[in-house]
Protein chains: 2
Amino acid sequence: MLDRVLELVVLLNDDMTQAIEALDLTPSRTHLLWELGRRGPVTQRVLADALKVTPRAITGLVDALVTSRLVTREPHPADRRATLVTLTAEGSRLTGKLERDHRTLARALFAEMSWREFASFERGLADVIANLRAHVVSTGGRPGARTATRRAS
Amino acid sequence: MLDRVLELVVLLNDDMTQAIEALDLTPSRTHLLWELGRRGPVTQRVLADALKVTPRAITGLVDALVTSRLVTREPHPADRRATLVTLTAEGSRLTGKLERDHRTLARALFAEMSWREFASFERGLADVIANLRAHVVSTGGRPGARTATRRAS
DNA sequence: TATTGTTATACTCTATAACTATA
DNA sequence: TATAGTTATAGAGTATAACAATA
């Protein structure tokens, strides 16, 4: 069963390799696209809350995605301070694929998993726990933070 | 059951908060300490392979941990090119605690988990899968890589 | 020749702080 | 006054490339 999941991961990965190279995707940029795909056009403030990141970080991520022609900044119809980050046609195609792949993977992971199979999966999950541990230790338990908070000067 | 795990995480987290602040711990530095605790004194080359990172990155991490007095660089007895990264007494105390806490958490997660409980845990794991997905997409499936590889100039 | 670890340089991601435009 | 998003600045983590010392 684990074999099947790994095989699937490799397949999905092969599918996406081209997009990564051509579109300069990174984990954070992909995460932003993911949220955008589920929420539709939203302000950068909403994205900042969704990614649990400061508005400043969103500015940089959106800049990069605009350059890759995956999103655009549109004026907010009611609030002239705000901008609506919107998927382009290509961005929309990509997030659609992301969601379909995500569902496929989730089904493979859980749909056919028995208790016995899960027990054999336990060893593989040890790494996940180790990561959780490191995370809790070094970020004060806040899952959104990837870098340590420096002391304010 | 999930409540018990979360409670435990909070407890361990409280235990470690002081160390984080005082010793300038970060996820990568904690990971290095973790490997060092399991392997004993090793060369930076070995650590680079263990963390799946270039030797250059190890230089910076070890520099920081030396400053925090958690490790020292000792001359390799047989190879004058290499240095042995070694835990200090305080570093050893810390990694000992890390390992004990890790075991405690792993036991809480798995020892009493039934299939039914796992099913209810599935929703929580959706985030893990989403992260896996983002990771596969943006790093070409190499779990060790956290930043995207830039095109060589 | 090959390997260990360094310096030099550059990129991503994140943070805080100060600021502008708007509400 | 408060909020949305920007520029300025800084730090952590990583990479490639060139290099010195040693194997």
Side-chain angles (χ1 to χ4, degrees), chain A residues 20 23-32 41-68 71 73-85 134-135 138-140 142-153, chain B residues 20 23-32 41-68 71 73-85 134-135 138-140 142-153:
Chain A
I20 301 163
L23 301 173
D24 255 348
L25 285 183
T26 63
S28 292
R29 291 169 197 167
T30 307
H31 187 187
L32 195 155
V42 288
T43 64
Q44 298 190 185
R45 176 74 243 176
V46 170
L47 289 171
D49 293 337
L51 304 203
K52 292 187 176 58
V53 136
T54 59
R56 176 61 185 93
I58 300 296
T59 299
L61 296 175
V62 171
D63 285 350
L65 291 169
V66 166
T67 300
S68 299
V71 308
R73 272 188 252 243
E74 305 292 340
H76 192 291
D79 186 342
R80 284 198 288 172
R81 296 171 305 179
T83 62
L84 283 179
V85 183
H135 217 101
S138 49
T139 67
R142 194 157 48 89
R146 279 206 186 146
T147 52
T149 309
R150 313 314 305 152
R151 282 178 288 281
S153 58
Chain B
I20 300 163
L23 301 173
D24 255 346
L25 285 183
T26 63
S28 292
R29 291 170 197 166
T30 307
H31 188 187
L32 195 155
V42 288
T43 64
Q44 297 190 186
R45 176 75 242 175
V46 169
L47 289 172
D49 293 338
L51 304 203
K52 292 186 176 60
V53 135
T54 59
R56 175 61 184 92
I58 301 296
T59 298
L61 297 175
V62 171
D63 284 351
L65 290 170
V66 166
T67 300
S68 299
V71 308
R73 273 189 252 246
E74 305 292 338
H76 192 291
D79 186 341
R80 283 197 289 173
R81 296 171 306 178
T83 63
L84 283 179
V85 184
H135 216 103
S138 49
T139 66
R142 194 157 48 89
R146 276 201 187 150
T147 52
T149 308
R150 314 313 306 150
R151 282 181 287 280
S153 58

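Below, chain A is the first sequence line, B the second, and so on; all start at residue 1.
Considering all non-hydrogen atoms of both residues, A:Leu84 and A:Pro77 come closest at CD1-CD, 3.8 Å.
Residue A:Arg73 places at least one side-chain N or O under 4.0 Å from the OP1 or OP2 atom of D:dT6. When the side-chain nitrogen and oxygen atoms of A:Thr59 are compared with OP1 and OP2 of D:dT6, one or more of them lie within a distance under 4.0 Å. A:Thr83 has no side-chain polar atom (N or O) that falls below the 4.0 Å cut-off from OP1 or OP2 of D:dA4.
The separation between B:Leu51 atom CG and D:dA12 atom P is 17 Å, rounded to whole Å. If you take CG of B:Leu65 and C1' of D:dA12, they are 13 Å apart, rounded to a whole angstrom. Rounded to whole Å, the distance from CZ on A:Arg56 to C1' on D:dT7 is 7 Å. One can place CG of B:Asp63 at 14 Å from P of D:dT14, the figure rounded to the nearest angstrom. Between the CZ atom of A:Arg81 and the C1' atom of D:dA2 there is a distance of 8 Å, given to the nearest Å. Here D:dA23 presents its C1' atom at 12 Å from NE2 of B:His76, a figure rounded to the nearest Å. A:Asp79 places its CG atom 17 Å from the P atom of D:dA2, with the value rounded to the nearest Å. Between the CG atom of B:Asp49 and the C1' atom of C:dG5 there is a distance of 13 Å, rounded to whole Å.
Between A:Thr43 and A:Val85 there is no side-chain heavy-atom pair separated by less than 4.5 Å.
When the nucleotides D:dG13, C:dT4, D:dG5 are ranked by their closest atom to the side chain of B:Thr26, D:dG13 comes out on top. Considering only side-chain atoms of A:Thr54, the nucleotide from D:dT14, C:dT16, D:dG5 that sits closest is C:dT16. When distances are taken from the side chain of A:Arg29 to each of C:dT4, C:dT12, D:dG13, the shortest belongs to C:dT12.
Side chain B:Arg80 to base D:dT22: no donor-acceptor pair is found below 3.5 Å.
Within 4.0 Å of B:Leu61, counting heavy atoms only, lie sugar-phosphate atoms of the nucleic acid but no base atom.
A donor-acceptor pair under 3.5 Å links the side-chain atoms of A:Arg29 to the main chain of A:Asp24, judged by distance alone.
Of the two residues contacting DNA chain D, namely B:Ala78 and A:Thr43, the nearest-nucleotide position lying further toward the 5' end is that of A:Thr43.
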Could you please spell out the steps behind the side chain to side chain contact (heavy atoms under 4.5 Å, CB included) verdict for B:Thr83 and B:Glu74? CA-CA 6 Å; B:Thr83 63; B:Glu74 305 292 338; over 6 Å; no

Where do A:Arg73 and A:Gln44 land on the side chain to side chain contact (heavy atoms under 4.5 Å, CB included) test, with the steps shown first? CA-CA 10 Å; A:Arg73 272 188 252 243; A:Gln44 298 190 185; 2.6 Å; yes

